[in-house]
Trainee: 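My questions will all concern the structure given below.
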Amino acid sequence: MMRALPYLLLTLLLSGCASVSLEHDFDPGRDFSAYRSWSWKDAKLLYQPDDARLKSDITEARISQAVADQLEQRGLRQASAGQGDLKVQSVLIVDERQDQITTQYGGGWGGYWGGYWGGPAFTETRRVDYKVATLQIDLYDARDGKLVWRGSGEQIMRNQPPSPAERERAIRDTVTQVLSQYPPR
């Protein structure tokens, strides 16, 4: 199970057929047309929780390249370290969640002329544990250090570890979806 954890972590980003729930927020007082370049914050990618089992240089490289490609497509050029108009940082978050599922069985049926058939009714309630991964991309104004735009994509992780090609495609797809909302309209 310990070895499977990094694979499970990537499932949010990696399952191409699963839907991604998107959110974004921004500072409406900012002129986003004035931002023309970007550079990474000191830590390109943060992990929450900060767990060595979740960290991966390969994942960081994939996310970093996908973010760089998408920012370039949006007209932002990458500047040398610390010189961009925007500072960019990504956060990979894995949450453990629970749901209660209740199912009712039996109870019988009523007939046209009245009457009642069937056995007793009973209810079963089960707890379902699952993991949700979120990729968050933050853009900070380099002059004042304030957060100006945040986008995130959240997805339920599947149980089967994806292949490296599936991971690559899923990360690119998730980053593309998250940054599709930049610049804000």
Trainee: Would you say Leu22 and Leu135 are hydrophobically clustered, going by side-chain heavy atoms of ILVMFWY under 4.5 Å?
Mentor: yes
Trainee: Under the salt bridge (charged side-chain N to carboxylate O under 4.0 Å, His left out) test, which residues partner Asp42, sequence neighbours left out?
Mentor: none
Trainee: Which residues satisfy the side-chain contact (heavy atoms from CB on, under 4.5 Å) test with Asp95, sequence neighbours excluded?
Mentor: Ile93, Arg97
Trainee: Assess whether a salt bridge exists between Asp57 and Arg62, defined as any Lys/Arg side-chain N lying under 4.0 Å from an Asp/Glu carboxylate O.
Mentor: no
Trainee: Hey, can you tell me if His24 and Phe26 have their rings parallel, tilted or perpendicular (30° and 60° cut-offs)?
Mentor: parallel
Trainee: List in chain and number order the residues that pass salt bridge (charged side-chain N to carboxylate O under 4.0 Å, His left out) with Asp129, two or more places apart in sequence or in another chain; answer none if no residue qualifies.
Mentor: Arg127
Trainee: Counting only heavy atoms not in Glu23, do more than 12 fall under 6.0 Å of its CD?
Mentor: no
Trainee: Check whether any side-chain heavy atom of Tyr182 sits under 4.5 Å from a side-chain heavy atom of Arg74, and report yes or no.
Mentor: yes
Trainee: Please walk me through it: do Asp25 and Arg150 pass salt bridge (charged side-chain N to carboxylate O under 4.0 Å, His left out)?
Mentor: CA-CA 5 Å; Asp25 196 9; Arg150 170 175 283 165; over 6 Å; no
Trainee: With no hydrogens and no angle check, do the side chains of Ser152 and Thr134 hold a donor and an acceptor under 3.5 Å apart?
Mentor: no
Trainee: Got a sec: does the CD1 of Ile58 have more than 12 other heavy atoms crowding it under 6.0 Å?
Mentor: no
Trainee: In sequence, state the C-alpha distance, the side-chain angles, and the governing distance for Asp144 and Arg30, and then conclude on salt bridge (charged side-chain N to carboxylate O under 4.0 Å, His left out).
Mentor: CA-CA 12 Å; Asp144 62 15; Arg30 301 290 176 146; 2.9 Å; yes
Trainee: Between CD of Gln83 and CD of Gln78, what distance do you get to the nearest 0.5 Å?
Mentor: 12.5 Å
Trainee: Has Lys146 got its NZ or CZ under 6.0 Å from the middle of the six-membered ring of Tyr140, at an angle within 45 degrees of the ring axis?
Mentor: no
Trainee: Give a yes-or-no answer on whether the side chains of Thr176 and Gln70 include a donor-acceptor pair shorter than 3.5 Å.
Mentor: yes
Trainee: As a quick check of understanding, evaluate salt bridge (charged side-chain N to carboxylate O under 4.0 Å, His left out) for Lys87 and Asp141, giving each step before the final call.
Mentor: CA-CA 6 Å; Lys87 299 282 189 171; Asp141 188 297; over 6 Å; no
Trainee: When you group the ILVMFWY residues by side-chain heavy-atom contacts below 4.5 Å and let the links chain together, are Leu179 and Leu45 in the same group?
Mentor: yes
Trainee: Using a strict 4.0 Å threshold on nitrogen-to-oxygen distance, state whether Arg172 and Asp69 make a salt bridge.
Mentor: yes
Trainee: Determine whether the side chains of Gln48 and Asp50 contain a donor N or O and an acceptor N or O closer than 3.5 Å.
Mentor: no
